[in-house]
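Numbers here are sequence positions counted from 1. Quick caveat, the model's predicted, so the values are computed rather than measured.
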Amino acid sequence: MLTGKTAPACLNTCHVEGKMESCASRCNEKFNRDAACQCDRRCPRHGDCCEDYDQLCTVDEDPNEPEPFLELEEETEAPASHLYSAPSSCRDRCQEAFDRHQPCHCDARCPEFGNCCKDFESLCGHEGFSYSSDAITKEELQSISEKIYRADTNKAQKEDVIINSQNRISPSETGDQVDCCPEPLFTYVNERLFSKPTYAAFINLLNNYQRATGRGEHFSAQQLAEQDAFLREVMKTAVMKELYAFLHHQNRYSSEQEFVSDLKNMWFGLYSRGNGEEDSSGFEHVFSGEVKKGKVTGFHNWIRFYMQEKEGLVDYYSHIYDGPWDSYPDVLAMQFNWDGYYKEVGSAFIGSSPEFELALYSLCFIARPGKVCQLSLGGYPLAIQTYTWDKSTYGNGKKYIATAYVVSSTQ
């Protein structure tokens with residue numbers, strides 16, 4: 001939890017103190033809103049452990065055994081990674097992660113094992129990297145994510161962003177749609193941040209979308225130019241230079257021009273989430289947010305959240321996870337109402353620059369499409385889940401970003 005956050009202030013409707021004031025027979029139980037104090041593994045970070053937690057609960061824990069990943073988001077609209085692919089062909093499957101259930105494969109290492117589909121070379125041979133190169137390892141992902149983390153000089157400082165996270169609820173309570181927090185999430189944001197080139201270019205994009213799926217997106221020449229301007233600005237930063245250098249070294253891209261072109265397609269290329277209209281893109285879903293079937297989907301950006309909250313369009317309800325970082329970027333998984341529509345669990349970086357988020361989400365989409373991508377930030381584990389959009393493609397069967405969001409870990 002970032003220092004300087006307002007301490008939790010419990011509401012009677014969300015947290016009623018019970019009689020359980022000890023960790024006796026309660027070590028590692030799930031968060032219990034009816035208890036006066038907690039005994040779960042995350043209570044030390046939230047400052048709500050019972051007084052005997054250290055005495056009763058820490059002796060039994062293996063410090064080398066990480067806790068499982070905490071799923072912070074349920075993107076039910078994300079399609080299965082090979083749902084629309086022909087099993088015996090590489091059509092729409094180039095760069096797909098290895099799937100042992102498939103009769104042939106289209107991943108980067110299939111030439112080494114001699115199990116590529118017959119049309120692998122014709123369909124995937126121009127994907128921008130050498131398929132004989134090794135896949136990107138977990139250790140390499142953790143190393144490059146740390147470099148990106150250190151390179152983010154445009155991130156907010158502690159004094160720039162002050163949040164009031166207020167009440168934490170149990171993951172089992174997220175469906176209750178109860179507003180547990182009387183105050184806004186953001187107490188203060190230094191809006192001078194927004195004058196920085198990447199922030200300004202990012203903010204220019206947020207109002208270019210209509211949030212309802214099933215309604216086609218139609219961009220003016222100015223709006224298309226704003227997409228190019230954003231990519232130009234982020235590519236000037238040390239964050240994106242680190243990412244490109246890494247991917248170039250991995251033989252994923254032969255030139256920066258090729259990399260930027262691919263970023264534009266994977267993030268801004270339009271596809272249909274409903275009614276056959278080109279109504280969505282990775283950027284709109286992840287950063288701006290959408291509404292489908294009466295629910296908020298995507299919407300994983302703190303700047304967007306702050307601006308909508310400031311306009312009175314977002315009502316912060318509660319959170320289920322608050323990251324361990326003591327500086328920005330931090331991570332928060334929260335519940336909120338967006339102008340009449342509820343978001344059950346939405347994870348977001350807090351205090352990060354636009355280029356930082358774009359870099360990590362892009363890295364994971366390229367290296368671990370449709371899978372959990374395990375990273376490291378400031379020595380703490382963090383994971384990102386991406387999903388590919390498989391109903392339509394660009395280039396030689398390349399896939400658009402369906403979604404990307406923080407999963408994190410409570411190790």
Side-chain angles (χ1 to χ4, degrees), residues 2 63-70 72 95-98 107-109 112 127-156 198 234-256 258-260 262-263 266-267 286 300 323-331 347-386 388 401 404-411:
L2 183 66
N64 297 316
E65 181 179 354
E67 207 175 328
F69 282 105
L70 173 66
L72 297 182
Q95 304 186 42
E96 180 183 76
F98 176 80
D107 61 291
R109 302 189 70 181
E112 297 178 47
E127 287 296 301
F129 61 92
S130 170
Y131 285 89
S132 62
S133 64
D134 290 338
I136 298 173
T137 66
K138 175 183 175 181
E139 291 71 24
E140 288 172 326
L141 285 173
Q142 291 177 332
S143 176
I144 183 58
S145 58
E146 287 288 3
K147 288 181 179 179
I148 289 171
Y149 177 75
R150 291 191 296 269
D152 188 16
T153 57
N154 279 337
K155 66 183 178 182
T198 57
V234 296
M235 288 305 300
K236 295 175 184 177
T237 66
V239 163
M240 292 300 287
K241 289 183 184 300
E242 285 281 4
L243 176 61
Y244 170 68
F246 173 76
L247 295 173
H248 180 68
H249 179 73
Q250 294 285 336
N251 296 319
R252 296 299 175 109
Y253 297 97
S254 59
S255 69
E256 186 173 308
E258 180 187 10
F259 175 52
V260 173
D262 202 30
L263 286 177
M266 72 172 71
W267 280 107
V286 173
H300 299 292
W325 293 271
D326 58 6
S327 63
Y328 291 122
D330 200 355
V331 173
S347 59
F349 288 106
I350 305 293
S352 52
S353 68
E355 60 266 28
F356 175 84
E357 295 185 35
L358 185 76
L360 289 191
Y361 291 146
S362 299
L363 169 66
C364 287
F365 184 74
I366 293 165
R368 297 287 189 272
K371 300 179 72 174
V372 171
C373 175
Q374 299 185 41
L375 308 177
S376 177
L377 298 182
Y380 291 102
L382 177 133
I384 287 173
Q385 172 75 60
T386 66
T388 59
I401 293 175
Y405 53 88
V406 177
V407 182
S408 194
S409 168
T410 56
Q411 185 175 24

> Looking only at heavy atoms, what is the nearest atom pair of Pro369 and Thr386, with distance?
Replying inline: CA-OG1, 3.7 Å
>> Run the side-chain contact (heavy atoms from CB on, under 4.5 Å) test against Ala359 and tell me which residues pass, sequence neighbours left out.
In response: Ile148, Val239, Met240, Leu243
>> Distance check, rounded to the nearest 0.5 Å: Glu258 atom CD versus Leu263 atom CG?
In response: 10.5 Å
> After noting the C-alpha distance and the side-chain angles of Ile136 and Arg368, does the key distance pass the side chain to side chain contact (heavy atoms under 4.5 Å, CB included) rule?
Replying inline: CA-CA 9 Å; Ile136 298 173; Arg368 297 287 189 272; 4.3 Å; yes
>> Could you walk me through whether Glu355 and Thr237 satisfy the side chain to side chain donor-acceptor pair (under 3.5 Å) test, starting with their C-alpha distance in whole Å, then the side-chain angles of each, then the deciding distance to 0.1 Å, before giving a yes or no?
In response: CA-CA 8 Å; Glu355 60 266 28; Thr237 66; 4.5 Å; no
> When rounded to the nearest 0.5 angstrom, what is the spacing between SG in Cys364 and NZ in Lys371?
Replying inline: 12.0 Å
>> Can you tell me how far apart NZ (Lys138) and CG (Leu375) are? Round to the nearest 0.5 Å.
In response: 10.5 Å
> Between Phe246 and Ile366, is any pair of side-chain heavy atoms under 4.5 Å apart?
Replying inline: no
> When you look at Gln374 and Leu141, which way does the side chain to side chain contact (heavy atoms under 4.5 Å, CB included) test go after all the steps?
Replying inline: CA-CA 7 Å; Gln374 299 185 41; Leu141 285 173; over 6 Å; no
> Is there side-chain contact between Leu358 and Thr198, with at least one heavy-atom pair below 4.5 Å?
Replying inline: no
> Who are the side-chain contact (heavy atoms from CB on, under 4.5 Å) partners of Thr137, not counting sequence neighbours?
Replying inline: Glu139, Glu140
>> Tell me if a side-chain donor or acceptor on Lys155 pairs with a main-chain N or O of Tyr328 at a distance below 3.5 Å.
In response: yes
>> Contact between Leu377 and Leu360 at the side-chain level, heavy atoms closer than 4.5 Å - yes or no?
In response: yes
> Who are the salt bridge (charged side-chain N to carboxylate O under 4.0 Å, His left out) partners of Lys147, not counting sequence neighbours?
Replying inline: none
> For Phe349 and Pro329, which heavy atoms make the closest approach, and how far apart are they?
Replying inline: CD2-CB, 4.3 Å
>> Which residues pass the side-chain contact (heavy atoms from CB on, under 4.5 Å) test with Ser376, not counting sequence neighbours?
In response: Gln142, Ser145, Glu146
> Taking only residues two or more places apart in sequence, or in another chain, which ones meet Phe259 in a ring-ring contact (aromatic ring centres under 6.0 Å, His included)?
Replying inline: Tyr244, Tyr253
>> Applying side-chain hydrogen bond (donor to acceptor under 3.5 Å, both in side chains) as the test, list every pair that has at least one member in residues 357-367; sequence neighbours left out.
In response: Trp267-Ser362, Asn301-Glu357, Ser352-Glu357
> How far apart are the closest heavy atoms of His300 and Ala404, and which atoms are they?
Replying inline: CD2-O, 3.7 Å
> At their closest point, which heavy atom of Ser347 faces which heavy atom of Tyr405, and how far apart are they?
Replying inline: OG-CB, 3.8 Å
